[in-house]
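Atom set for the values below is all heavy atoms of this structure, side chains included, hydrogens, waters and symmetry mates excluded.
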Amino acid sequence: MLGRTCTFCAVDKEKNMTEYSRLKTSRSAAIRATLDYPVIDTDVHTNDFTPAFEDYIAKYGGVKLVDELRKTEASRLNSKSNGKDWYQQTPEERQYNRTIRSPWWARVTKNTLDLATYTLPGLLYERQAEQGSDYSVLFPNNVLAPAGASAENRQALQRAVNHYHADIYRKYSDRLTPVAGIPLTTPQEGIEELEFAVKTLGLKVINITGGVKRPIKAIADKYPADKYPEIAKYASYIDFYGLDSEYDYDPFWAKVVELGVPVTTHYGSQGWTGRSSISNYMNNHIGHFADGSEAFAKALFFGGVTKRFPQLRVAMLEGGADWGARVYIHLVDRFLKRNIKALQNYNPALTNADELFEIFERYGAEVTQGHSLDKDELTKTVLGASFSRHSRAPIGSELDDFAAAGIETIEDIRDRWVNSFFFGSESDDRTIATAFNDKANPLGVKINAIYSSDVGHWDVPDLTSPLAESWDLVQEGVISEADFKSYVFANPYKFYTQANPDFFKGTAIESKVGNTEFKQVDKSLVVA
């Protein structure tokens with residue numbers, strides 16, 4: 001017995017020395033040691049250990065759910081034509097079918113310790129200090145796989161996946177929390193899974209797809225999907241849950257606010273126009289998260305979701321923060337030119353036909369020679385047939401693109417864009433400077449950039465590097481020390497606690513934040 005105990009002592013001593021050695025060589029750990037505030041990582045990706053994961057799913061809902069999981073995983077990131085994937089096709093077949101080059105070699109493999117870390121919850125927990133993080137929000141790579149499942153199995157599979165992640169990470173909840181995947185094919189589906197994830201499983205953050213693909217009804221009615229699957233594959237549009245949605249998603253957003261849940265999405269656009277190369281993954285990848293997230297965020301904004309639910313907090317991850325600033329600037333610019341009053345500058349009815357005729361009489365003889373036009377004919381000609389055809393007098397809300405969003409001042413844009421949205425920016429992304437450029441951003445604001453290391457994906461070959469890479473931006477003068485603090489702590493803290501003031505209760509963050517407070521939004525406030 002004594003010998004056995006000593007053996008364990010030796011093992012523990014060796015383990016502790018190894019941990020100390022790794023900490024000592026971690027640049028991120030060294031930087032964290034100099035900070036007087038905690039670091040919150042909003043985006044860490046983990047892998048599920050497939051045998052245990054599938055066993056859990058099978059016990060939860062039977063073999064049929066495992067089969068459904070395998071089916072949806074096989075098709076999720078793998079474009080096929082005529083039953084053959086990209087690698088099975090010849091270059092000629094790829095050209096003929098326009099088979100998109102899907103992501104490849106997307107996980108870290110050479111760094112064996114990191115590869116194991118993403119799969120083993122206990123090891124990830126142990127290495128938080130090496131990463132320089134005090135708290136991490138986890139996105140298991142399978143968390144939204146059920147979104148591609150059949151209608152009869154989608155909710156059951158999603159519930160099983162969420163339950164598995166809640167169970168395996170529960171003991172590490174002081175420093176790690178996994179997101180719950182929420183399917184949103186319909187609002188009711190989303191509400192049911194949201195309530196189960198929060199009330200039964202105790203999960204605190206949700207992850208949604210930024211849109212759901214739906215058939216174009218006029219084409220689907222003529223060419224039913226069961227008879228014309230190839231037509232159905234392309235004759236679709238994306239519903240972003242806000243502007244022009246087929247469903248009223250307000251009951252879902254209301255439930256999100258009621259339960260105090262921050263919303264996240266990694267919504268990409270690979271395969272969209274301009275991102276459909278049949279040979280080059282990087283062509284399809286660069287900027288695709290920003291484009292997909294932009295479409296989603298604008299639909300919420302222009303659909304009036306952020307007006308009706310000012311308490312809603314949404315983070316769009318992996319796309320950087322610069323696009324958030326760009327869209328905010330363009331919203332203001334366009335509102336100033338196309339608000340309800342300024343639109344009169346473009347009202348065809350306000351064209352002064354008499355003055356136009358006089359100007360043409362004085363300066364237009366060379367151009368109008370041989371053409372005899374009266375005032376009305378001249379006006380129609382100058383405006384152009386295309387202009388007249390596409391500018392028939394709008395009525396009611398058709399006249400104001402900002403009406404549903406309730407925008408009357410640029411301050412309204414700030415409140416419904418800047419306050420509502422948070423933008424996940426990876427550690428080496430130098431474009432983050434745009435988010436913090438309060439000289440360029442209208443009303444002197446800074447966009448809510450949040451630290452999203454993206455640990456677990458190919459752009460992070462060493463999990464001990466991201467925080468250090470972010471600090472490099474300070475040393476290089478890209479962002480200030482104050483901006484760095486906002487990025488790795490204040491903005492993430494604000495995102496989670498404005499949705500749920502008790503978000504960090506009982507975690508490693510709770511004792512480290514002191515009197516940090518951000519303005520809380522009244523959850524009873526819903527603007528009609």
Between N491 (side chain only) and A449 (backbone N and O only), is there a donor and an acceptor less than 3.5 Å apart?
yes
Tell me, please, whether W458 has R107 positioned over its six-membered ring: NZ or CZ under 6.0 Å from the ring centre and within 45 degrees of its axis?
no
Ring center gap for F504 and Y135 short of 6.0 angstrom:
yes
Full working for salt bridge (charged side-chain N to carboxylate O under 4.0 Å, His left out) between K307 and D415
CA-CA 9 Å; K307 167 183 175 288; D415 294 346; over 6 Å; no
Does the structure place the NZ or CZ of R159 under 6.0 Å from the centre of the six-membered ring of F196, at an angle of no more than 45° from the ring's axis?
yes
Any side-chain donor paired with an acceptor under 3.5 Å for S136 and Q128?
yes
Distance alone, cut at 3.5 Å: any donor-acceptor contact between the side chains of N280 and H285?
no
Would you call L69 and L157 a side-chain contact if the rule is heavy atoms closer than 4.5 Å?
yes
Quick one: do the T117 and D114 side chains pair a donor with an acceptor below 3.5 Å?
no
Donor-acceptor pair between T507 and D174 side chains, under 3.5 angstrom
no
Can a cation-pi geometry be assigned to K204 and F503, taking NZ or CZ under 6.0 Å from the six-membered ring centre and within 45° of the ring axis?
yes
Under the side-chain hydrogen bond (donor to acceptor under 3.5 Å, both in side chains) test, which residues partner Q155, sequence neighbours left out?
E192, E193
Please walk me through it: do R175 and D41 pass salt bridge (charged side-chain N to carboxylate O under 4.0 Å, His left out)?
CA-CA 10 Å; R175 292 184 179 274; D41 192 341; over 6 Å; no
Specify whether H45 and F139 have parallel, tilted or perpendicular ring planes, treating 30° as the upper limit for parallel and 60° as the lower limit for perpendicular.
tilted
Residues in side-chain hydrogen bond (donor to acceptor under 3.5 Å, both in side chains) contact with Y451, at least two apart in sequence or another chain
none
